[in-house]
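Working notes, structure below.
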Amino acid sequence: MNNNDLENLREDLVGELQAINQYQEHIDETDNEKIKKVLSHIRDDEKEHFAELTKLIQELDEVQKEKFQKEGL
């Protein structure tokens, strides 16, 4: 594993969280149901990406894995 791999994955994780928050903000700001539906779908995809990245980080970082296990995650 490249030394930058975990750092890059964590930066990707931050990006996913920012995207989730941005989509949610836009969902909350519109009254258009079609826009809400599309943005909700995209937001939920971002949540899946977040979960996938979290799992990958857990697999690659033993300390992170221990912390997840300690918290029952």
In Å and rounded to the nearest 0.5 Å, what is the [atom1] to [atom2] distance from [X] to [Y]?
X	Y	atom1	atom2	answer
Lys67	Lys70	NZ	NZ	5.0 Å
Glu16	Leu9	CD	CG	11.0 Å
Phe68	Asp61	CZ	CG	9.0 Å
Ile57	Glu52	CD1	CD	12.0 Å
Leu56	Leu13	CG	CG	10.5 Å
Ile27	Ile42	CD1	CD1	8.5 Å

Is a side-chain N or O of [X] found less than 3.5 angstrom from the main chain of [Y], in a donor-acceptor match?
X	Y	value
Lys65	Gln58	no
Asn4	Glu7	no
Lys36	Thr30	yes

Just so I know, are the side chains of [X] and [Y] near enough to count as touching, which here means a heavy-atom distance under 4.5 Å?
X	Y	value
Arg10	Gln64	yes
His41	Lys37	no
Tyr23	Asp44	no
Glu29	Leu39	no

side-chain contact (heavy atoms from CB on, under 4.5 Å) partners of Lys55, counting only residues at least two apart:
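Only Glu59 meet the side-chain contact (heavy atoms from CB on, under 4.5 Å) criterion with Lys55.
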Under the side-chain contact (heavy atoms from CB on, under 4.5 Å) rule, collect the residues that match up with Gln22, sequence neighbours excluded.
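Partners of Gln22 under the side-chain contact (heavy atoms from CB on, under 4.5 Å) test: His26.
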Just checking, any donor-acceptor pair under 3.5 angstrom between side chains of Gln24 and Asp28?
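There is such a pair between these side chains.
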